[in-house]
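Proteins get letters first, then strands, A, B, ... in listed order; numbering begins at 1 in each.
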Amino acid sequence: MDKAHILPANASGLRFRDDPVHEEPAVTLDAFLTQPNATAVRVEAGEDARRLIPHFDRLALVEVDFPRFRDGRGYSSAKILREAGYTGELRAAGDVLVDQMLFMRRVGFDSFVPNAPVDEAVLAATLARYDFVYQPAADAAVPVWKLRHG
Amino acid sequence: MYKYDKYDQAIVDARVEEFRDQAARRIAGALTEDQFKPLRLKNGLYLQLHAYMLRVAIPYGTLDSRQMRMLGHIARKYDRGYGHFTTRQNLQYNWIKLEEAADILADLASVEMHAIQTSGESIRNVSSDQYAGAAADEIADPRPWAELIRQATTFHPEFSYLPRKFKIAVTAAEEDRAAIRLHDIGLKLVRNGAGELGFEVYIGGGMGRTPFVAPLIRPFLPAEHLFSYCEAALRVWNRWARRDNIHKQRIKILVHDLGQEEFTRQVEEEWQAILPNQSDVPMVEFDRIAAYFVDPPFEAGAPDEIDRSDPDFALWVDQNVVAHKAPGYAIVNISLKPIGGIPGDASAEQIELMADLAERYSFDELRVTHAQNIVLPHVRKADLYALWQTLSENGLAEANLDLISDIIACPGLDYCSLANARSIPIAQKLSQRFGDDRQREIGELKLKISGCINACGHHHAGHIGILGVDRKGTENYQLLLGGSGAEDASLGKITGPGFDEDGIVDAVEKATQVYLDRREEGERFLDTYRRVGMEPFKEAIYG
């Protein structure tokens, strides 16, 4: 299944992309929308990720904040960005725990900067545990209804 | 009924191992209780007053005898020999050890069952009409749609850390036996003028501390778009619900705060954005699911006559047996409300007996009802007497369906860590007070008891509702009148100051006396209340 690389910039981060790490710091959503040269943005829970859609051509990194792991707004933010065609780095940051990472991968996150380090063996087992899924999402997994009917 | 294929089985098996690993990490201290709690809740495991409670999913309340027997086996092996059937058509065990929970899940998985999303801030077990596939008044069996929703909502990656719990109910009959307008999403299967199938979509109902009857958000949703429309509503809610106050995070609050019109506009707009994802389950898959729900082979020419010479049997037939769509067949309700008993409880032996009876008399099928009873959906009328005799010998033939002793009650302070007051003893006293010929004189009267404001006992939807509260350290019971969870959905109103344990039983008696004194021909308690209003009841109770 998918394989994580350690983020070189941050020893506690994980990255599921092969392209070079984006160097510019992420700015707030409001700052990003007013600074035409900004290329990285941080979206807080409760902010409307759709406001980024007109700016994908200059956007290389979207960092979505999880203030508490039980706050699931960031899953919708990620899914909306992937549905709209965003292909750059999508990072989950904050109170991000290993047991949430499978669903985060499924909605399109491809890097993680958790507050506390993640046990990589547990993560590998977690990401590999399910061979089948019931719904299409932002990952490559094929829903079982498609497998059933070819 | 639905059978797992290799995909369904692999997913449920993987879940058992995932939970086994999570529980082991919790026991080893790698997960804090705060981190573990939402994980165990997504598997139906609560920490209650005395022990863990495990809630097993019975999707849309349908199960076969093999599954029912396993529920009895688990009650005996891991619990204290009992199971408790719930208002979400599920079953709960009240005396579970964390160390054994994964083994129970493995036992469940061996009979195509699970406890996935029976709790926590997730999309819960989908509920439906307990007479689905047997009722004379439905336009089609709603259960294939419920199964489609079950699969599509299982481990939905975007909607697994929701603002609060989320409950969906599906029905297909004029008579609403699934309380759809008291759900986050209520779906009623209908046909439009062109004869096409679709759904009336109600969103934003619910009970709890702020009850609402759901408004109609879409009068006709083409059936093939059922899931994408649910996703649109879930997404609007997941993004914009409050997250700062657990009591204001259900979708009903968002619908109320935005207003029906603005909420509808946002859902419709989101739906247009979601449609290109093609997340709707295709109709070829629906057809595969629906094939599992074809009628069993009803015997042509099965006799339609019932020998009523035994008066006790005749009484039970009149009260607990309902018309079936096939000639010569009947729908049998097995009451789990014996007079003085605990509503919804069944012993391991009773559970196994009901499994045997389903196998012998009902094409191997059982249903759990939201009123906490069991249904044998397809019984030949010619078999009713033999069936009744066996039920009688085993304490399962109480003839009280929809009568005042057929009480819905939450577990209350006897078990629940959220409760303020006990529910079970009130139910027991009430059924003892009325459980003679008086309940038959009173007729249909749905009485529902909750031991706290969270309303698990559906007190808002009772013709008579009782709400237990804590009043300066003592249990106090408020009385509500006029609620309904049916197609005439309404919320009960509080009569006035509350009562102690004996006082509430007396107050209910006074309310029923007002009804008996003032009812007109053909009126149920609820009808009389709606006609005469609260005042005469208040006078009798407090005057």
Scan chain B against chain A and return every donor-acceptor pair whose distance is under 3.5 Å.
| unit_1 | atom_1 | unit_2 | atom_2 | d |
| --- | --- | --- | --- | --- |
| B:Asp5 | OD1 | A:Arg148 | NH2 | 3.0 |
| B:Asp5 | OD2 | A:Arg148 | NE | 2.6 |
| B:Asp5 | OD2 | A:Arg148 | NH2 | 3.2 |
| B:Asp8 | OD1 | A:Tyr134 | OH | 2.5 |
| B:Asp8 | OD1 | A:Arg148 | NH2 | 3.0 |
| B:Asp8 | OD2 | A:Arg148 | NH2 | 2.9 |
| B:Glu18 | OE1 | A:Tyr130 | OH | 2.6 |
| B:Gln22 | NE2 | A:Asp99 | OD1 | 3.1 |
| B:Arg25 | NH1 | A:Asp99 | OD2 | 3.0 |
| B:Arg25 | NH2 | A:Asp99 | OD1 | 2.8 |
| B:Arg25 | NH2 | A:Asp99 | OD2 | 3.4 |
| B:Gln151 | OE1 | A:Arg148 | NH1 | 2.9 |
| B:Ala152 | O | A:Gln135 | NE2 | 3.1 |
| B:Thr154 | O | A:Gln135 | NE2 | 2.7 |
| B:Glu158 | OE2 | A:Ser76 | OG | 2.7 |
| B:Tyr161 | O | A:Gly72 | N | 3.2 |
| B:Tyr161 | OH | A:Gln100 | NE2 | 2.9 |
| B:Arg235 | NH1 | A:Glu83 | OE1 | 3.0 |
| B:Arg235 | NH2 | A:Glu83 | OE1 | 3.4 |
| B:Arg235 | NH2 | A:Glu83 | OE2 | 2.7 |
| B:Asn238 | ND2 | A:Gly72 | O | 3.2 |
| B:Asn238 | ND2 | A:Ser76 | OG | 2.9 |
| B:Arg239 | NH2 | A:Asp48 | OD1 | 2.5 |
| B:Glu270 | OE1 | A:Arg50 | NH1 | 2.9 |
| B:Glu270 | OE1 | A:Arg50 | NH2 | 3.4 |
| B:Glu270 | OE2 | A:Arg50 | NH2 | 2.6 |
| B:Asn277 | ND2 | A:Glu83 | OE2 | 2.8 |
| B:Glu285 | OE1 | A:His149 | NE2 | 2.7 |
| B:Glu285 | OE2 | A:Arg148 | NH1 | 2.8 |

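- Residues passing the side chain to side chain contact (heavy atoms under 4.5 Å, CB included) test with A:Ala92 are A:Phe66, A:Val96, A:Met104, A:Phe109, A:Phe112, sequence neighbours excluded.
- Using a 4.5 Å cut-off between heavy atoms, B:Leu31 contacts chain A through its side chain alone, with no backbone atom that close.
- Every residue two or more places apart in sequence or in another chain that forms a side chain to side chain contact (heavy atoms under 4.5 Å, CB included) with B:Ser110 is listed here: B:Met70.
- Considering all non-hydrogen atoms of both residues, B:Pro38 and A:Phe69 come closest at CG-CE1, 3.4 Å.
- Take B:Ala10 and apply the side chain to side chain contact (heavy atoms under 4.5 Å, CB included) test, not counting sequence neighbours, and it matches A:Phe132.
- The shortest heavy-atom contact between A:Val144 and B:Ile11 is CG1-CD1, 4.4 Å.
- Looking at B:Leu39, only its side chain comes within 4.5 Å of chain A, counting heavy atoms on both sides.
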